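Data first, discussion second: the structure below is written as structure tokens.
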Amino acid sequence: MARPRVLSGVQPTGSLHLGNWLGAIRNWVDLQRSHDTFFCVVDLHAITVPHDPKQLAADTRSTAALYLACGIDPEQATVFVQSQVPAHAELAWLLNCVTPLNWLERMIQFKEKAVKQGDNVSVGLLDYPVLMAADILLYDADQVPVGEDQKQHLELARDIAQQRINSRFGSEETPVLKVPKPMIMKEGARVMSLTDGSAKMSKSDPNEGARINLLDPPELITKKIKRAKTDPVMGLEFGNPERPEADNLLGLYALLSGQSREQVSSECAEMGWGRFKPLLAETTVEALRPIQQRYSEISADRSGLDQVLAAGRERASAVAEQTLQRVQEAMGFARPATAN
Ligand code: TYM
């Protein structure tokens, strides 16, 4: 039987942080053996807010290099760049024409980002979730491993596939598109900011101290953790709504040290912040050390990375083109005559 298909991606905007790793990429690594996996660097998404053209290609390559450094194996997974497979933009247009505007206007991320952009909100920012739906639907993905913040976008992708494409242009026996399921792990799905335990760790937070980037040097990691927000209570614990910082930092310690929540709860139950913070800093530095080492090797081998992305592009295009054609046919487009 064919292995279930998985697709996911990260935007190449700014540096990837602990949230991206623990909420998404780390889970991808576990899936590559059991699933047919496609991981793209979603560079078309990165231009939905103002961007620096001098930086885009470099950030795209470094994001791909980080996928590999985190353990994505290009022999097992298909790693590619979204803009290099034109079917993403083409399917997005077809989906645009059947997606109601008010479905997009109620997207939480759009509302949050639009506030930050003031008068400068692009059509692309509003349309972003439709492009994301195209990314997923093109690969007939069964599952989409993401962090909690992407849940609403996945529901939208499901609604577009089911209510706007399959029910209008397909039949129950022959659906045009596969309806994907979200895959959101319980742990790591919502890593919070170091400066505010009630806000998500995010690439767009103007305060650098709010996040730990995967490529931060050890001294910087230690400094950020030292300055992380705490509370006056002694001992760390999970699940106390009055203590979001304790919950977040203890959760990070569990994930990064590979221990269970029960283990770290008992280890840190009596520990003051003064002892806990150096422990968390050391654990974080050690967890990121192998990734950083692999990253510098991979980025030094420019042609090796180019080859991975070229092979990924070819494999991804072959799948994406077929799905695009299926949708075009279902929607009634004239197909070019095939030469015989
Ligand atoms: P992006 O680039 O913002 O984030 C990439 C992945 O990291 C997860 N994530 C988090 N997980 C836990 N805690 C956090 N603080 C945290 N911050 C980010 C995200 O949930 C995501 O899984 N729209 C997507 C990119 C995308 C995509 C796709 C994903 C485009 N097309 C198709 C899956 C499938 C985004 O902006 O992710």
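The figures here come from the full heavy-atom set of this structure, side chains too, leaving out hydrogens, waters and symmetry mates. Because the structure is predicted, anything quoted here is derived from the model rather than measured. Atoms within a ligand are numbered from 1 in the order they appear, just like the ligands themselves.
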Check ligand 1 against [X] and write out every atom of the ligand that is under 4.0 Å from a heavy-atom position of the residue.
| X | value |
| --- | --- |
| A24 | 6 (C), 7 (O), 22 (O) |
| V10 | 2 (O), 5 (C) |
| G23 | 11 (N), 12 (C) |
| H17 | 17 (N) |
| K200 | 15 (N) |
| M201 | 14 (C), 15 (N), 17 (N) |
| V144 | 33 (C), 34 (C) |
| G188 | 12 (C) |

Looking at [Y] and [X], is any side-chain nitrogen of the basic one under 4.0 Å from a carboxylate oxygen of the acidic one?
| X | Y | value |
| --- | --- | --- |
| E155 | R158 | no |
| D159 | R164 | no |
| D149 | R190 | no |

* Asked: Hey, are the side chains of K224 and K226 touching, using non-hydrogen atoms and a 4.5 Å cut-off?
  -> no

* Asked: Any side-chain heavy atom of D142 within less than 4.5 Å of one from V6?
  -> no

Which is it for [X] and ligand 1 at heavy atoms under 4.0 Å: side chain, backbone, both or neither?
| X | value |
| --- | --- |
| L22 | neither |
| I25 | neither |
| A189 | backbone |
| V42 | side chain |
| M192 | neither |

* Answer yes if the side chains of D73 and Q32 hold a donor-acceptor pair under 3.5 Å, and no otherwise. => no

Where is the nearest protein heavy atom to [atom]: which residue, which atom, and how far?
| atom | value |
| --- | --- |
| atom 31 (N) of ligand 1 | D135 OD2, 2.6 Å |
| atom 29 (C) of ligand 1 | G9 O, 3.5 Å |
| atom 11 (N) of ligand 1 | G19 O, 3.1 Å |
| atom 37 (O) of ligand 1 | Q150 NE2, 3.8 Å |
| atom 18 (C) of ligand 1 | N20 ND2, 3.3 Å |
| atom 28 (C) of ligand 1 | M132 CG, 3.5 Å |
| atom 20 (O) of ligand 1 | D149 OD1, 2.4 Å |
| atom 23 (N) of ligand 1 | Y128 OH, 2.6 Å |

Do other residues, nucleotides or ligands put more than 12 heavy atoms under 6.0 Å from the [atom1] atom of [X]?
| X | atom1 | answer |
| --- | --- | --- |
| R5 | CZ | yes |
| Q109 | CD | yes |
| K277 | NZ | yes |

Between [X] and ligand 1, is there a nitrogen or oxygen pair with a distance under 3.5 Å?
| X | value |
| --- | --- |
| Q11 | yes |
| K203 | yes |
| V191 | yes |
| L7 | no |
| S8 | no |
| I136 | no |

* How many angstroms lie between CG in L131 and CG in L91, if you round to the nearest 0.5 Å? -> 9.5 Å

* To do: Can you measure from OG1 (T195) to CE (M201) and round to the nearest 0.5 angstrom?
  => 9.0 Å

* Looking only at heavy atoms of P129, does any of them come nearer than 4.0 Å to an atom of ligand 1? -> no

* Asked: Ring centres of H153 and F110 under 6.0 Å apart?
  -> no

* Determine the interplanar angle of the F38 and Y139 rings, folded into 0 to 90°, and report it as parallel if under 30°, tilted if 30 to 60°, perpendicular if over 60°. => tilted

* Asked: In a check of side chain to side chain contact (heavy atoms under 4.5 Å, CB included) between V41 and each of V79, T63, L309, which one passes?
  -> T63

* **Row check, F80 ring normal vs R315 NZ/CZ: under 6.0 Å, within 45°** => no

* To do: Report yes or no: do V233 and L236 belong to one cluster of Ile/Leu/Val/Met/Phe/Trp/Tyr joined by side chain heavy-atom distances under 4.5 Å?
  => no

